[in-house]
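A short worksheet on the structure shown next.
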Amino acid sequence: MTDTPLLICGAAFTEDERARLSTAVSSVSVESPAALEGLAPGLRERLRVVAYKGQAPFGAREMAALPGLGLIANFGVGYDAIDLAAATARDIRVTNTPDVLNDDVADMAVGLILAQARCLLRGDGWVRSGRWSKYGEMPLAWKVSGARAGIVGLGRIGREIADRLAAFKMEIHYHSRQQKETPGWRYHADPVSLAGAVDFLVVALVGGEETRNYVSAEAIAALGPTGVLINISRGTTVDEGALLAALEQRRIAGAGLDVYLDEPAIDPRFQGLDNVVLQPHAGSATVETRRAMAELQLANIRAFLDGEPLPSPVN
Ligand code: 8YV
């Protein structure tokens with residue numbers, strides 16, 4: 001019987017990413033965690049590693065279907081789709097791909113701020129449609145440089161965002177569980193007070209149950225009619241119903257979003273709004289960064305199979 005230790009799990013893997021994994025380690029593939037139970041029991045018993053990519057939950061049931069599983073190597077820094085407590089209870093190690101994507105995700109946050117405040121999409125339409133030559137100048141946009149930014153979650157990505165916005169001469173405010181050492185940025189003990197003090201509220205939290213609806217209806221209300229919400233973290237971190245209502249009723253000025261509660265089938269109300277800029281969860285989606293993430297995922301898998309220390313363990 002041949003040794004097939006690796007299960008590549010997730011429809012989100014590109015052909016290149018799949019090929020990189022399957023060239024390095026003998027593997028089988030499934031499109032989703034739900035498809036796992038369809039594998040022959042003899043094969044499931046031989047699998048020792050799951051290379052995971054996606055947002056679908058990978059929980060205790062999936063782990064139980066793979067009795068020899070020792071490692072879940074996630075493609076992504078956020079591992080909220082994986083039930084970490086269930087993995088730890090079964091002695092299954094979990095790894096992620098931190099740091100290599102910080103720059104790209106922070107760049108996306110800055111891009112969303114600029115696109116939103118400077119109305120870049122409207123400007124593009126103004127030129128393409130010929131409205132420029134017909135009507136002249138488009139209605140004025142809003143200034144970004146020198147405005148007030150509030151970062152919710154000053155982790156590795158939050159810090160990269162704050163550094164970039166500081167270079168835009170913005171006043172930096174932040175909220176995180178603990179006050180941090182910063183170059184004079186203003187700490188707020190809760191997200192509502194932070195939202196009330198800024199023009200742009202940028203959500204850079206980790207996902208998972210602990211941060212569900214962390215940016216609440218109250219925080220969205222505190223942002224006010226000239227405030228803009230940017231989310232590059234997880235759809236779960238913001239009360240999406242409250243956000244949609246505030247956008248529809250113009251109780252906030254707008255939003256720049258890369259993440260949603262249901263991806264990719266997002267709430268269609270977003271698509272009807274003219275005060276949002278929407279991206280398809282593409283914060284880390286550059287050739288360079290996705291390659292680095294794939295390499296780090298594979299490095300974790302190799303280390304596990306070779307009995308070496310894991311480069312980026314989570315548990
Ligand atoms: C995804 C992400 O991993 O790293 C994360 O947490 O959200 C993204 O980089 C990527 O979309 C692949 O699923």
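Whatever order the structure lists ligands and atoms in, that order sets their numbers, starting from 1.
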- request: From the options Glu17, Glu263, Lys53, His281, select the one whose nearest heavy atom is closest to atom 7 (O) of ligand 1.
  value: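 The residue whose heavy atom sits nearest atom 7 (O) of ligand 1 is His281.
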
Under 4.0 Å between a side-chain nitrogen and a carboxylate oxygen: does that hold for [X] and [Y]?
| X | Y | answer |
| --- | --- | --- |
| Arg290 | Glu17 | no |
| Arg164 | Glu160 | yes |
| Arg291 | Glu288 | no |
| Glu31 | Arg18 | yes |

field: Ligand-side contact atoms (ligand 1) for residue partner Leu101, heavy atom cut-off under 4.0 Å
entry: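 Selected atoms, number and element: 4 (O), 9 (O).
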
Element-labelled atoms of ligand 1 that are located less than 4.0 Å from some non-hydrogen atom of Arg234: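 Answer for ligand 1: 2 (C), 5 (C), 6 (O), 7 (O).
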
task: Please say whether Phe75 places an N or O atom under 3.5 Å from an N or O atom belonging to ligand 1.
output: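 Indeed, backbone or side chain, Phe75 has an N or O that close.
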
Any N or O of Gly78 closer than 3.5 Å to N or O of ligand 1: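 By distance alone, the answer is yes.
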
Just to confirm my output: which protein heavy-atom neighbour is closest to [atom], and how far is it?
| atom | answer |
| --- | --- |
| atom 9 (O) of ligand 1 | Ser284 OG, 2.6 Å |
| atom 10 (C) of ligand 1 | Arg290 NH2, 3.4 Å |
| atom 5 (C) of ligand 1 | Val77 N, 3.5 Å |

- request: Could you pull out all residues at least two apart from Asp163 that satisfy side-chain hydrogen bond (donor to acceptor under 3.5 Å, both in side chains)?
  value: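 Result, side-chain hydrogen bond (donor to acceptor under 3.5 Å, both in side chains) vs Asp163: none returned.
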
- request: Quick one: list whatever passes side-chain hydrogen bond (donor to acceptor under 3.5 Å, both in side chains) with Thr286, sequence neighbours left out.
  value: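 Listed in chain order: Asp104, Thr289.
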
message: Please verify the inter-ring angle class for Tyr135 with Trp126; under 30° counts as parallel, over 60° as perpendicular, anything in between as tilted.
response: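 The rings of Tyr135 and Trp126 sit tilted, inter-plane angle from 30° to 60°.
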
query: Side chain, backbone, both or neither: which part of Asn96 has a heavy atom under 4.0 Å from ligand 1?
result: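 The answer is neither.
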
